[in-house]
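None of the values given here were measured: they were computed from a predicted structure.
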Amino acid sequence: MGTNIEIWIEGKDKKGNWFIANPRYVHFSNPNKIRLKSFDVVRNYFLFAALSNVRNEHSVPYIQENRGMPKDASEHIKTEAELSKGSFLGYVYATELKEYYHRYVSSENDYERKAAMAIYELYNQLFQLCFNIFDDDSNDFLDVKSMRIIFWYDY
């Protein structure tokens, strides 16, 4: 049995409030109802190590270690975290993912490069998601710089 990660994505609206930016799914029997679910990420221990020093068997540098829940997190995510009873709760801004990638992608250490690539894949998923979050009034997309992930691990 391995470690799984539960990831929720938040974006910041034009008023500065965080909202859930996860992909949403329409409820089949009621198309007006939206179902939220956590963001699917392939289990990758280099990603876990780089995000938060979890499963860090190769001592790769990590972004944060157990920052906890942001005080301004969406209520839905706070509830999900409480219900899951996961451990190593943390959050990381998309800008931190990008910085990590650029810092370690050219490392001479193979494990650091693998961690950087795992982080890059996650950042790229966030970047692509931005183009699905669109403001009809201003024709703007959500800026990846206004995104963060909140996550925890289940063992």
Side-chain angles (χ1 to χ4, degrees), residues 1-13 16-25 34-134 140-155:
M1 185 143 200
T3 302
N4 293 314
I5 190 169
E6 176 111 8
I7 291 183
W8 288 84
I9 303 167
E10 288 188 316
K12 203 174 237 189
D13 67 19
N17 299 313
W18 291 101
F19 65 92
I20 298 173
N22 287 41
R24 290 158 163 81
Y25 302 90
I34 302 295
R35 296 183 312 149
L36 294 173
K37 70 176 250 181
S38 67
F39 189 67
D40 292 328
V41 175
V42 174
R43 182 186 301 166
N44 182 328
Y45 290 156
F46 284 106
L47 175 65
F48 298 178
L51 281 176
S52 56
N53 199 28
V54 168
R55 297 284 189 169
N56 196 356
E57 297 172 4
H58 303 290
S59 300
V60 299
Y62 52 91
I63 298 171
Q64 65 88 49
E65 187 173 32
N66 208 21
R67 282 182 181 163
M69 180 69 69
K71 291 181 173 127
D72 57 355
S74 306
E75 290 303 317
H76 183 83
I77 295 174
K78 289 178 184 177
T79 301
E80 289 290 329
E82 286 177 21
L83 292 173
S84 78
K85 306 224 186 304
S87 59
F88 295 97
L89 180 66
Y91 62 97
V92 173
Y93 294 94
T95 53
E96 291 177 292
L97 299 174
K98 185 176 180 181
E99 289 167 8
Y100 185 96
Y101 168 74
H102 286 292
R103 185 176 300 127
Y104 297 107
V105 69
S106 299
S107 172
E108 292 182 14
N109 182 310
D110 188 44
Y111 299 123
E112 289 179 3
R113 284 194 313 275
K114 287 179 180 181
M117 290 310 298
I119 288 292
Y120 178 75
E121 287 176 26
L122 177 59
Y123 177 82
N124 194 38
Q125 288 177 297
L126 296 179
F127 186 77
Q128 290 176 15
L129 179 62
C130 287
F131 295 105
N132 293 314
I133 303 173
F134 186 80
D140 289 334
F141 296 99
L142 179 64
D143 187 345
V144 71
K145 295 175 189 169
S146 301
M147 295 178 84
R148 69 181 175 197
I149 61 169
I150 300 173
F151 57 92
W152 54 89
Y153 299 93
D154 295 317
Y155 293 92

From L126 atom CG to K98 atom NZ, the distance as rounded to the nearest 0.5 Å:
12.5 Å
Residue pair N4 / R43: nearest heavy atoms and the distance that separates them:
OD1-NH2, 2.6 Å
Run the salt bridge (charged side-chain N to carboxylate O under 4.0 Å, His left out) test against K78 and tell me which residues pass, sequence neighbours left out.
E75
Please find the pair of heavy atoms, one from L142 and one from G11, that lie closest to each other, and give the distance.
CD2-CA, 4.1 Å
Before you tell me yes or no, could you show the steps for L129 and M147 under side chain to side chain contact (heavy atoms under 4.5 Å, CB included), namely the whole-Å CA-CA distance, both residues' side-chain angles and the distance that decides it to 0.1 Å?
CA-CA 10 Å; L129 179 62; M147 295 178 84; 4.0 Å; yes
Quick one: which residue pairs count as a ring pair (Phe, Tyr, Trp, His ring centres under 6.0 Å) with a foot in residues 49-80, not counting sequence neighbours?
W8-H76, F46-H58, H58-Y111
Considering residues at least two apart in sequence or located in another chain, which fulfil the ring-ring contact (aromatic ring centres under 6.0 Å, His included) criterion with Y120?
Y101
Sorted by chain and number, sequence neighbours left out, salt bridge (charged side-chain N to carboxylate O under 4.0 Å, His left out) with R113 holds for D110
As a quick check of understanding, evaluate side chain to side chain contact (heavy atoms under 4.5 Å, CB included) for M69 and I77, giving each step before the final call.
CA-CA 9 Å; M69 180 69 69; I77 295 174; 4.1 Å; yes
So how far is it from I5 CD1 to F151 CZ, rounded to the nearest 0.5 Å?
5.5 Å
Residues that F88 engages under ring-ring contact (aromatic ring centres under 6.0 Å, His included), provided they are two or more places apart
none
Set of side-chain hydrogen bond (donor to acceptor under 3.5 Å, both in side chains) partners for N53, sequence neighbours left out
N56, E65
What are the two closest non-hydrogen atoms of Q64 and G90, and how far apart are they?
OE1-CA, 3.8 Å
Working to the nearest 0.5 angstrom, can you tell me the gap between Q125 CD and D40 CG?
9.0 Å
Restricting to salt bridge (charged side-chain N to carboxylate O under 4.0 Å, His left out), what partner residues turn up for D154, sequence neighbours left out?
none
Rounded to the nearest 0.5 Å, what separation is found between the OG atom of S74 and the CG atom of N17?
9.5 Å
Could you list the residues that satisfy ring-ring contact (aromatic ring centres under 6.0 Å, His included) with Y100, not counting sequence neighbours?
Y104
Residue set satisfying ring-ring contact (aromatic ring centres under 6.0 Å, His included) with F19, at least two apart, ordered chain then number -> none
The salt bridge (charged side-chain N to carboxylate O under 4.0 Å, His left out) partners of E96 (sequence neighbours excluded) come to R67
Please lay out, stage by stage, how W18 and R148 fare under the test side chain to side chain contact (heavy atoms under 4.5 Å, CB included).
CA-CA 9 Å; W18 291 101; R148 69 181 175 197; 3.3 Å; yes
Rounded to the nearest 0.5 Å, what's the gap from CG on L97 to CG on L47? Could you check?
8.5 Å
Do L51 and I149 come within less than 4.5 Å of each other through their side chains, counting heavy atoms only?
yes
Provide the closest heavy-atom pair for I119 versus A50 in the form atom of the first, atom of the second, distance.
CG1-CB, 3.6 Å
Enumerate the salt bridge (charged side-chain N to carboxylate O under 4.0 Å, His left out) contacts for residues 45-54, please, sequence neighbours excluded, ordered by first and then second residue.
none
Do you know which two heavy atoms are closest between N22 and F39, and how far apart they sit?
ND2-N, 3.2 Å
Roughly how far apart are S59 OG and E112 CD, rounded to 0.5 Å?
10.0 Å
Nearest atoms (heavy-atom pairs only) where A81 meets S84
O-OG, 3.1 Å
Please name all residues satisfying side-chain hydrogen bond (donor to acceptor under 3.5 Å, both in side chains) with T95, sequence neighbours left out, ordered by chain then number.
none
Contact check, side chains of E80 and W152, non-hydrogen atoms, under 4.5 Å:
yes
